[in-house]
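First up is the structure itself, then whatever we jot down about it.
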Amino acid sequence: MLIKRPKGTQDIIPGTIEKWHYLEEQIHKVCREYGYQEIRTPVFEATELFQRGVGETTDIVNKEMYTFLDKGQRSITLRPEGTASVCRAYVENKLYAQTLPAKLYYLGPMFRYENTQAGRYRQFHQFGIEVLGADDPLVDVEVINLLWDFLQRLGLRGLQVHINSVGCPQCRAVHGEKLLAFLMDKKDKLCPDCLSRLTRNPMRILDCKNKDCQALITNAPTTLDTLCPSCRQHWEKVQHYLKLVNIDFMINPKLVRGLDYYQKTAFEVMAEGIGAQSAICGGGRYDGLVEEIGGPPTPGIGFAAGLERILAVMQNQKIEIEDRNKAGVMVAILGDKARQEGFRLAGQLRQKGIITLMDLMGRGLKGQLKYADRVGARYVLILGEEELAKGIIIVRDMKIGDQQEIALANTVEFIEKQINSSEFEI
RNA sequence: GUGGAUAUGGUGAAGCGGUUAACACACCGGAUUGUGGCUCCGGCAUGCGUGGGUUCAAGUCCCACUAUCCACCCCA
């Protein structure tokens, strides 16, 4: 094989695509029920959008973006996440002038230039929702509730919701100072990454995975310790509402998400058994983002869920989905006249919404039956010169292994009745 | 960017220096002429990721490269 797909990309082929279709259906369904509307934005944007929207200090912007110059020398970036684009579209289309809040969801591929591993790809898919224009803690919980509901409907078990509040810029500044003071005499023991975080984004030292740093910060002040009265009240209410809707959550003061735009509520959903990358969804509140990219001051909150990771959990937990693509009917034909009549018949059956296949390989009857068996067709209609001459057709039930002759003219009606009868099971 | 493991047909894999590269599954064909799933029979890699090297002899040893998988950082 000469040409292979680029590193970190995936071909989704028959056998797997059914799972994607199923996931996508569930997404559309749950979003509709919660009153969210789909938004589709370009898969590439001006690089500046992500630099400003995601944040210059983030790994995404620093090392993971697929950026290139187009023929007009514009710097273009394949979107690494969805929130910045949705906010841009919200501003550009003046959705703030319509009924608020804007409750939006999206679904599609994202791109990050990273080394691959289990659950990490260069092109991956996210489903996400965003609520723009509402700052009530109830909104935070509606968002988490939708997410949780969705995951429960899929039948996923053993998931954990981690939640934290990182405060607003004001209380975060206070936290930064306290953290700095706390680390004053420990500076030289921090890892190089954390040393640079110290000045750029000290909060992120809290979730450094380096063991030495972990030890240093065990008793460090967390953002929860320094919440201002307003943020504290918001945080208390979020917890209250979460309990109200019976969502078990775990407060994780070290949960400090990588994207610069998060404020107040931050959360993640973790799963086991899918490798080191165990976060299947992440989200939070980003009240300053819309303003940052040139819109009116607008509170916002949302999450993004990784579809590959959710599928990995489903596979790990052996959650099967029904295959609805099995053929109902396979038309087996012998001879050219039968071929023509069978082709016509297949067309009629398809018009009735019955999945109908027919031989396209010039196989003999035996081969056609074998094919019907392979593709899981329930009925085979056998039509040859003899049947044609008598004006009949043989209906073979592949599951029972039985067959009968019926009048050719009644075929569609007969099959329709069979398939709609309560006994019919693929 | 860094580290580890692995690279043999459509798939899973044996082979670990010496004649024709096991085996299983899948696939294709056949077992009386128009009937599937079971069974039986037959077919299916001049080739062992790529390029060098060592050797009388290499899938088998050495080197480089590439790819894949996993892991670190971080995240979906």
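Labels below follow one simple rule: chain letters A, B, ... track the order of the sequence lines, proteins then strands, and each chain is numbered from 1.
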Can you measure [X] atom [atom1] to [N] atom [atom2] for me and round it to whole angstrom units?
{"X": "Leu311(A)", "N": "A76(B)", "atom1": "CG", "atom2": "C1'", "result": "12 Å"}
{"X": "Asp59(A)", "N": "A76(B)", "atom1": "CG", "atom2": "P", "result": "11 Å"}
{"X": "Gln277(A)", "N": "A76(B)", "atom1": "CD", "atom2": "P", "result": "10 Å"}
{"X": "Glu268(A)", "N": "C74(B)", "atom1": "CD", "atom2": "P", "result": "12 Å"}
{"X": "Phe150(A)", "N": "A76(B)", "atom1": "CZ", "atom2": "P", "result": "16 Å"}
{"X": "Lys4(A)", "N": "C65(B)", "atom1": "NZ", "atom2": "C1'", "result": "13 Å"}

Under 4.0 Å, counting only non-hydrogen atoms across every strand here, what does [X] touch: a base, just sugar-phosphate, or nothing?
{"X": "Tyr371(A)", "value": "nothing"}
{"X": "Leu334(A)", "value": "base"}
{"X": "Gly364(A)", "value": "nothing"}
{"X": "Lys7(A)", "value": "sugar-phosphate"}
{"X": "Ile394(A)", "value": "base"}
{"X": "Ala276(A)", "value": "sugar-phosphate"}
{"X": "Glu114(A)", "value": "base"}
{"X": "Glu308(A)", "value": "nothing"}
{"X": "Leu307(A)", "value": "nothing"}

Between [N] and [X], counting only base atoms on the nucleotide and side-chain atoms on the residue, is there a donor-acceptor pair under 3.5 Å?
{"X": "Arg374(A)", "N": "C27(B)", "value": "no"}
{"X": "Glu387(A)", "N": "G34(B)", "value": "yes"}
{"X": "Asp373(A)", "N": "G37(B)", "value": "no"}
{"X": "Gln403(A)", "N": "U35(B)", "value": "yes"}

If I pick the [atom1] atom on [M] and the same atom on [N], what distance separates them, to the nearest angstrom?
{"N": "C28(B)", "M": "G15(B)", "atom1": "C1'", "answer": "27 Å"}
{"N": "C48(B)", "M": "U39(B)", "atom1": "C1'", "answer": "34 Å"}
{"N": "U54(B)", "M": "C63(B)", "atom1": "P", "answer": "15 Å"}
{"N": "U55(B)", "M": "C72(B)", "atom1": "C1'", "answer": "41 Å"}
{"N": "U19(B)", "M": "U46(B)", "atom1": "C1'", "answer": "15 Å"}
{"N": "C41(B)", "M": "U32(B)", "atom1": "P", "answer": "16 Å"}

How about CG on Leu69(A), more than 12 heavy atoms from neighbouring residues, nucleotides or ligands closer than 6.0 Å, or not?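 More than 12 heavy atoms, drawn from other residues, nucleotides or ligands, come within 6.0 Å of this atom.
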
Has Lys178(A) got more than 12 heavy atoms of other residues, nucleotides or ligands less than 6.0 Å from its NZ?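 At most 12 heavy atoms, drawn from other residues, nucleotides or ligands, come within 6.0 Å of this atom.
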
Thinking salt bridges, do Asp397(A) and Lys399(A) make one under a 4.0 Å N-O criterion?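 Result for this pair is no, no salt bridge flagged.
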
Going by side chain to side chain donor-acceptor pair (under 3.5 Å), Tyr286(A) matches just one of Glu130(A), Glu292(A), Gln263(A). Which one?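 For Tyr286(A), the side chain to side chain donor-acceptor pair (under 3.5 Å) test succeeds with only one of Glu130(A), Glu292(A), Gln263(A), which is Glu130(A).
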
Taking a pair as Watson-Crick (N1 to N3 plus N6-O4 or O6-N4) or G-U wobble (N1-O2 and O6-N3), both under 3.5 Å, which stems of 3 or more consecutive pairs involve RNA chain B?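 Result, WC/G-U stems under 3.5 Å: B:1-7 with B:66-72, B:10-12 with B:23-25, B:27-31 with B:39-43, B:49-53 with B:61-65.
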
Quick one: salt bridge (charged side-chain N to carboxylate O under 4.0 Å, His left out) pairs with a partner in residues 145-160 of chain A, sequence neighbours left out? Glu33(A)-Arg153(A), Asp149(A)-Arg153(A)

Can the ring centroids of Tyr113(A) and Tyr66(A) be said to lie less than 6.0 angstrom from one another?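 Between Tyr66(A) and Tyr113(A), which both carry aromatic rings, the centre distance is below 6.0 Å.
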
Examine Tyr262(A) together with Phe267(A) and report whether their ring centres are nearer than 6.0 Å.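 No: the rings miss the under 6.0 Å criterion.
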
Side chain of Asn115(A) (C-beta onward), nearest among U35(B), U2(B), C75(B): U2(B)

Pi stacking test for Phe124(A) and A76(B): under 5.5 Å apart, planes under 30°: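 Per 5.5 Å and 30° rule: yes, stacked.
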
Taking N or O atoms only and anything under 3.5 Å, show me the protein contacts with nucleotides 9-12 of chain B, one pair per line.
none

Spacing of CD belonging to Gln160(A) relative to CE belonging to Met270(A), to within rounding of 0.5 Å: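 Reported value, rounded in 0.5 Å steps: 8.0 Å.
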
